[in-house]
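Because the structure is a prediction, the values reported are computed rather than measured.
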2 protein chains.
Amino acid sequence: MGISERREREKQELREKILEKAKEILIKEGQDNLSIRNIATAIEYSPATIYLYFQDKDEIVYELMEMGFERMTSELQGAFEMTDPVERIRHIGQGYIAFGLKNPEWYDIMFNAPQPIQHLTKCQEEWGFGIQLFDFLVNTCEEAMSQDRTRKQDPRLVALHLWSTVHGLVNLSRSQRLEMVEQNNNDSLIQRTMESMLQCIFR
Amino acid sequence: MGISERREREKQELREKILEKAKEILIKEGQDNLSIRNIATAIEYSPATIYLYFQDKDEIVYELMEMGFERMTSELQGAFEMTDPVERIRHIGQGYIAFGLKNPEWYDIMFNAPQPIQHLTKCQEEWGFGIQLFDFLVNTCEEAMSQDRTRKQDPRLVALHLWSTVHGLVNLSRSQRLEMVEQNNNDSLIQRTMESMLQCIFR
DNA sequence: AAATATAATGAACAGTGTTTAGTAAAGTCA
DNA sequence: TGACTTTACTAAACACTGTTCATTATATTT
């Protein structure tokens, strides 16, 4: 029964090809130009064909989100391996911000766009990568607390404080609101703000 | 020459009507349904007419942003008048978050959407309301610092820390990423996180 | 070779922002 | 009042969007 196996493989290959082209378009032309029709012409198939491999556009965006998390995770690898918990947090923060500023389209899909979440709730799955990342941050906060590097408090709140600040900074920069109130020195301003936060949480 | 005055007045009235209906649609049907065509049918004019009163959709969104800032400013009035600088910051933060969670569409237009900013850069104007709000926050931080309620540091960085955290929290909630990592107690979680931040900045 | 199962598509639906040429109404002036 | 001009408005088109479905083409099996 090698034939049906080949067919299955070919189906998988076209699915991969769709995702690859979607990724290319996202990087080169941005989220606004990531349309079913653009993907279709890129893979030289009709738009309707894409719906034989994905139930809707949300599913494609969801897959792109997963790819984004893999990219980000690999970029943060060095930070994850830091022995000192506070240094670990500092490097994760810096890496997170750097990723967000360098890959705004990926970041948007991962942390802002409603589509991947809609896909998740539709399929009753969970936000695996995100939970993993957040839990790691919570654990690191707990570690810092056990070393008396910060005052006793709910580590989940500290983690959320850290996350929301860097998320807020990336989004304010992305949406051009930051440059509206502070013309000069965008990147270093973000760096210094995060450092200011770390100074006030950890010792 | 009362005739041309009446005409001018009538033009202004239709402009106002367009904005009023745009506001209604934004509130009742959300940003996704805020289309030129929907506004046009609501005011019982053709879509093309709207372009006689606004150069493009961005300009309408810009005007809605201004309305949003007026709404927010009036809601924050009580907070602005607090005598204690730290309490002032606390109430501004709470009000900011409450506004963002209660009026997600307004919030999006004011702090996330690229359209109003595109309109600004096109017209070489500045983000008046936003700058005003941020500068007020900076001044309040300076006041708190002069009262020795927080350690000596750049007040603009403290203000940005405060802003990015609440902005991040509102956006994480809005984009459903928060409920992905913390199922229970969304609103109070946000409150407690902000409180945790205030505790670590001010004394 | 004929029958069947699978894959791919053309065309349509309902929607988007925006432009342009043409029409209808209102104001101006002889 | 009638002719002319200015202003206000709109129908229709352009180039897009996601999605569905009946139909066609291809590949596999009998």
Taking atom [atom2] of [N] as reference, at what distance in whole Å does atom [atom1] of [X] sit?
X: Arg9(B); N: dT7(D); atom1: CZ; atom2: P; result: 18 Å
X: Asn33(A); N: dG18(D); atom1: CG; atom2: P; result: 10 Å
X: Ile39(A); N: dC16(D); atom1: CD1; atom2: P; result: 16 Å
X: Lys11(A); N: dT28(D); atom1: NZ; atom2: P; result: 14 Å
X: Ile36(A); N: dC16(D); atom1: CD1; atom2: C1'; result: 14 Å

Q: Please work out which residues in residues 16-31 of chain B have a non-hydrogen atom less than 4.0 Å from an atom of DNA chain D and list them by number.
A: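 Heavy-atom contacts with DNA chain D come from no residue of residues 16-31 of chain B; none.
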Q: Report the relative orientation of the aromatic rings in Phe136(A) and Phe80(A); use parallel for angles under 30°, tilted for 30 to 60°, perpendicular for over 60°.
A: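 Phe136(A) and Phe80(A): perpendicular rings.
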Q: Let me see the working for Arg156(A) and Asp135(A) under salt bridge (Lys or Arg N to Asp or Glu O under 4.0 Å), right down to the final yes or no.
A: CA-CA 8 Å; Arg156(A) 298 191 82 80; Asp135(A) 284 347; 3.8 Å; yes
Q) Would you call Ile36(B) and Ile60(B) a side-chain contact if the rule is heavy atoms closer than 4.5 Å? A)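 A side-chain contact under 4.5 Å exists here.
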Q. Are Met72(A) and Tyr96(A) side-chain neighbours, meaning at least one heavy-atom pair lies under 4.5 Å?
A.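 When only atoms from C-beta onward are counted, Tyr96(A) and Met72(A) do touch, with a gap below 4.5 Å.
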(Q) Below 4.0 angstrom, which residues in residues 40-60 of chain A have at least one non-hydrogen atom near DNA chain C? (A)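 The answer is Tyr45(A), Ser46(A), Ala48(A), Thr49(A), Leu52(A), Tyr53(A).
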(Q) Looking at every non-hydrogen atom in both residues, tell me the closest pair between His119(A) and Glu59(A) and how far apart they are. (A)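 Heavy-atom minimum between the residues: NE2-CG, 3.3 Å.
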Q: Could you tell me whether Phe99(B) and Phe69(B) have their ring centroids closer than 6.0 angstrom?
A: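 No.
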(Q) Looking at Gln77(B), I'd like to know if its CD atom is crowded, meaning that more than 12 non-hydrogen atoms belonging to other residues, nucleotides or ligands lie closer than 6.0 Å. (A)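 Atom CD in Gln77(B) is crowded, with more than 12 foreign heavy atoms closer than 6.0 Å.
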Q | Distance-only donor-acceptor test, Arg37(B) side-chain atoms vs dG17(C) base atoms, 3.5 Å | A |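 For Arg37(B), whose side chain was compared with the base of dG17(C), there is a donor-acceptor pair (under 3.5 Å).
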Q | Inter-end axis angle, the helix from dA1(C)-dT30(D) to dA30(C)-dT1(D), with every axis fitted to five base pairs (rounded, 10 degrees) | A |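 Its terminal axes enclose an angle near 30°.
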